[in-house]
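Since the structure comes first, as structure tokens, the remarks are kept for the end.
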Amino acid sequence: MNAILEELTWRGLLAQTTDEAALTATLNDAPVTFYCGFDPTGPSLHVGHLMQVITMRRLQLAGHKPLALVGGATGLIGDPKPGGERSWLDAEVATDNVRRIQGQLEHFLTFGEGATDAILVNNLDWTASMDVITFLRDVGKHFSVNRMLDRDAVKTRLEGNGISYTEFSYVLLQSMDYLELRRRHGCTLQIGGSDQWGNITAGCELVRRVDGESVHALTTHLLTKSDGTKFGKTESGTVWLDPELTSPYAFYQFWFNTDDRDVINFLKIFSMRSQVEIAQLEELTTTEPAARAAQKALAQDVTALVHGAAAVDQAIAASAALFGRAELADLDRDTVFAALNEAGLVSAGEVDGETIVDYLVATGLMASKSAARRSIDEGGAYLNNERITDEAYVPGAADWLHGEFLLLRKGKRSIAGVRQGS
RNA sequence: GGCAGGUUGCCCGAGUGGCCAAAGGGAGCGGACUGUAAAUCCGCCGGCUCAGCCUACGUUGGUUCGAACCCAACACCUGCCA
């Protein structure tokens, strides 16, 4: 087996390949141009996309050439998912999303003119100008509806709430991408999540039927968590890569809170650490679970990759200040400010009212005054790390840290601050 | 275009005239125990000027002392037929 395939296998990434022997030979033979597509369904990539992005990076480091495709066209159509029809993505929003996502991808791969440098492509470029007759004759003719109906997502939809012709056609567009990228860039490998297997192999088949060339597919396992919940979500929603949508602090916390049972798998998938290093961390997780060395390594690695080393330092400092044992009074003003700023800081001027309930609501920590009162009742609200018992309490001069900040907390780990003055 | 079924809180789903802010489950939140983990147990889970009031069961209008529940129209979804 080829070295990079072995590594992907060890990391638990490799789910399926079209023809392992042929793919191994191809990868050994020469640099391979490969692609992976991202549909612009949101304003940013999120941690769920990270697995593919990092896999692309691994392949690039192994000497292969990535084509990062953003689905300006496919995003407007929608890949059928079992649950039901997707909500319509406005064309303008899609265009904007494409631009944002392209910018993010540039962050993770090395782009340029060199042999293994990555190239950005957008499938709108070869789809928008295609006319219906050409589409139906040159592309549609190669697809059997009978086989399209066999796909799981489609079957589920037929048994459930049905599927529109729009989404049913999605696979044709994605297949066209493969054909086009092979012609334009000599692309002979497509990677994606294992849920993309059907779309990817359909592309392989189209290339074979139309151009008579044999191209490859490689899928990665879908990420599962031990507790059965979906990866990539927190109580506040999707964990985005855009620092405007998910702060580096929240991002760091997301990884830091990983379950013991998942942390080693995540390190294999998301970090560039070696087999030896990960084995050591695995050992530490068993012998000294409370230290959570593996979670720290994971959070630092991924945060550094996405937001840079400086953001890691800030996230660590903020976490230490907010969760540490240190007396709040002992923390210097700048540390408090940096920590609260990461956690989310509201200016006192924006607070409507003066009781602790008003502050809790203003920071967004509590959804409503009712919820705030309830939390206080339940003993789950804290001011400067001390439990609040009186919902009518009005913070006094002594409560303002350095005369400037209030530290508010809900439960153990939802934190926000209020800042006096401007 | 015809016929049938459907639209309930974040999600699923019960409720068919007063006892309904609406059963049950899931998700979520808090507490206890811990390690900012998991599991477990307990509590909470529309809003507010909170023993009361307001808003809510697709939309609008109607019947009624009283409607998520009955009637009408409309909108949307699904299926079957044309």
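Letters A, B, ... are given to chains in the order of the sequence lines, protein chains preceding strands, and every chain is numbered from 1.
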Using atom CZ of A:R292 as one end and atom C1' of B:A38 as the other, report the distance to the nearest whole Å. 12 Å

Could you tell me how far apart A:W255 (CH2) and B:A37 (P) are, to the nearest whole angstrom? 17 Å

Re B:U59: Watson-Crick or G-U wobble partner, both distances kept under 3.5 Å, found to be B:A73

Look at the aromatic rings of A:F168 and A:Y165 and report parallel, tilted or perpendicular, splitting at 30° and 60°. tilted

B:A75 and B:G26, which share atom name C1', separated by this distance in whole Å: 30 Å

Calculate, to the nearest 0.5 Å, the distance between atoms CZ and OG belonging to A:R413 and A:S319 respectively. 12.5 Å

At what distance, to the nearest 0.5 angstrom, does CD of A:E391 lie from CG of A:L360? 11.0 Å

Sugar-phosphate, base or nothing in reach of A:R387, heavy atoms under 4.0 Å: sugar-phosphate

Just name whichever nucleotide pairs with B:A67, Watson-Crick or G-U, keeping both distances under 3.5 Å, else none. none

Could you state the CZ-C1' distance from A:F323 to B:U34, rounded to the nearest angstrom? 15 Å

Quick one: look up who B:G46 pairs with, Watson-Crick or G-U, both distances under 3.5 Å, and put none if it's unpaired. B:C54

For B:C50 versus B:U55, give the span between their C1' atoms, rounded off to a whole number of Å. 15 Å

Using the C1' atom as the reference point in each nucleotide, state the distance between B:A14 and B:G66 in Å, no decimals. 23 Å

Strictly by Watson-Crick or wobble contacts shorter than 3.5 Å, is anything paired with B:U34, and which nucleotide is it? none

For B:C10, which nucleotide in any strand shown is its Watson-Crick or wobble partner with both distances under 3.5 Å? B:G26

Considering heavy-atom distances to RNA chain B, does A:A291 or A:R261 have its closest nucleotide positioned more toward the 5' end? A:A291

Using the P atom as the reference point in each nucleotide, state the distance between B:C53 and B:A4 in Å, no decimals. 44 Å

On a whole-Å scale, what distance lies between the P atoms belonging to B:C44 and B:G25? 13 Å

Each nucleotide in nucleotides 40-52 of chain B should get exactly one letter: B, S or -. Can you fill that in based on protein heavy atoms under 4.0 Å? ---BSS-SBSB--

So that I know where these two stand, are A:F254 and A:F231 an aromatic pair - ring centroids less than 6.0 Å apart? yes

Report the base-pairing partner of B:G1 (Watson-Crick or G-U wobble, both distances below 3.5 angstrom), or none. B:C81

From CD (A:Q52) to CG (A:L45), nearest 0.5 Å: 11.0 Å

Out of B:G35, B:A38, B:C29, which nucleotide sits closest to the side chain of A:P289? B:G35

Could you tell me the separation between the CD atom of A:Q253 and the P atom of B:U36, rounded to a whole number of Å? 11 Å

Determine the Euclidean distance between corresponding P atoms of B:U59 and B:C76; express it in Å to zero decimal places. 15 Å

The reported gap from OG1 in A:T18 to CG in A:L189 (rounded to nearest 0.5 angstrom) is 7.5 Å

If I take atom CD1 in residue A:I163 and atom P in nucleotide B:C77, what distance separates them, rounded to the nearest angstrom? 16 Å

To the nearest Å, how far apart are A:I316 CD1 and B:U36 C1'? 14 Å

Separation between CZ of A:R57 and OG1 of A:T55, rounded to the nearest 0.5 Å: 12.0 Å

Side chain A:K412 and base B:U34 donor-acceptor under 3.5 Å: yes

Distance check, rounded to the nearest 0.5 Å: A:N341 atom CG versus A:F405 atom CZ? 8.5 Å

Determine the Euclidean distance between corresponding C1' atoms of B:U8 and B:C69; express it in Å to zero decimal places. 11 Å

Have a look at A:D259 and say if it touches a base, only the backbone sugar-phosphate, or nothing, with a 4.0 Å heavy-atom cut-off. sugar-phosphate

So A:Y382, base contact, sugar-phosphate only, or nothing? Heavy-atom distance under 4.0 Å. sugar-phosphate

Could you check how far CZ of A:R409 sits from P of B:U36, rounded to whole Å? 10 Å

Could you give the distance separating B:C41 and B:U36 at their P atoms, to the nearest angstrom? 22 Å

Of all heavy-atom pairs linking A:N384 and A:D399, the shortest is ND2-O, 2.8 Å

Roughly, in whole Å, what's the span from CD in A:E288 to P in B:U34? 18 Å

